[in-house]
Amino acid sequence: MDLPADTVLVFDRDEDLMVFESFAHTTNYLEAIDVSEGEYPAAFSPNGGVLALTAPQGPRGPVVVTRTDVDDLAGLHRRVARYWERHQQGNTPLGPVPTARFLIERDNEPRTGWLSRTTGVLRGRRSSR
């Protein structure tokens, strides 16, 4: 899977990592109050370009993602390595691009939570009556 051109890797204060397939996905998900309060200290493109997350209209306004002229591939590699150490223990660490692919694919997998399982059971019971 090729990564979309505007893929965004966002690290939170706990060094957890969220990957978004576009700037629009990023701004639709993140809340301005969290951005204003520094919940997300770092954002990158997969090639190490530093992205700025801002909430120019304050905590109730929109989130804005912009490219900067700064490249920090080494910093991205360090943060991704810490993510794997803290949040993916026991799994083989991957670099930034494979990690972004891994997280996007994981997040796009169909969910089979308790509600889906319960609904399936109920549907199965109804059809057998």
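At a threshold of 4.5 Å between non-hydrogen side-chain atoms, the residues F23 and T66 do not count as touching. Two residues are said to be in side-chain contact when any heavy atoms from C-beta on lie closer than 4.5 Å; L3 and I104 meet this criterion. In this structure, W84 and L17 have side chains that are not in contact, with every pair of non-hydrogen atoms separated by 4.5 Å or more. For the pair P93 and Q88, the minimum side-chain heavy-atom distance is 4.5 Å or more. You'll find the side chain of L73 stays beyond 4.5 Å of the side chain of D71, heavy atoms only.
Heavy-atom contacts from other residues, nucleotides or ligands closer than 6.0 Å to CG of D2 number 12 or fewer. Heavy-atom contacts from other residues, nucleotides or ligands closer than 6.0 Å to CD of E31 number 12 or fewer.
Considering CG of L94 and CZ of F102, their distance stands at 7.5 Å, rounded to 0.5 Å. Distance CE/M18 to NE2/H25: 14.0 Å, rounded to 0.5 Å. Note that CZ of R79 is 5.5 Å distant from CZ of F44, once rounded to the nearest 0.5 Å. To the nearest 0.5 Å, atom CG of residue D72 and atom CZ of residue R78 are 6.0 Å apart. The line from OG1 of T7 to CZ of R101 is 9.5 Å long, rounded to the nearest 0.5 Å.
R60 and A32 make their closest contact through N-CB, 4.4 Å (heavy atoms, listed as atom of the first residue, atom of the second, distance). A pairwise comparison of heavy atoms in R13 and P41 identifies N-CD, 3.7 Å as the closest pair. What you find for P56 and P62 is that their closest heavy atoms are CD-O, 3.9 Å.
Of the possible polar contacts, none joining the S22 side chain to the D6 backbone as a donor-acceptor pair under 3.5 Å is found. Checking side-chain atoms of Q89 against main-chain N and O of E85 turns up a donor-acceptor pair under 3.5 Å. In this structure a side-chain-to-backbone donor-acceptor pair under 3.5 Å is missing from D16 to D12. Judged by distance alone, the side chain of H87 and the main-chain N or O of D14 form a donor-acceptor pair under 3.5 Å.
Note on L76: it does not cluster hydrophobically with V10, by side-chain heavy-atom contacts below 4.5 Å among ILVMFWY residues. Note on I33 and V65: separate hydrophobic clusters, where clusters join Ile, Leu, Val, Met, Phe, Trp and Tyr whose side-chain heavy atoms are under 4.5 Å apart, directly or indirectly.
Classified by interplanar angle (parallel below 30°, tilted 30° to 60°, perpendicular above 60°), the ring pair Y29/F20 is tilted.
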Does the pair N108 and E21 meet the rule for a side chain to side chain contact (heavy atoms under 4.5 Å, CB included), with working shown? CA-CA 11 Å; N108 287 332; E21 296 183 55; 3.2 Å; yes

Show the numbers, then the answer: is there a side chain to side chain contact (heavy atoms under 4.5 Å, CB included) between Y40 and T26? CA-CA 12 Å; Y40 309 108; T26 307; over 6 Å; no

Determine all donor-acceptor pairs shorter than 3.5 Å in which one atom belongs to a side chain in residues 47-54; sequence neighbours excluded.
{"from": "N47", "atom 1": "OD1", "to": "S45", "atom 2": "OG", "distance (Å)": "2.3"}
{"from": "N47", "atom 1": "OD1", "to": "G49", "atom 2": "N", "distance (Å)": "3.3"}

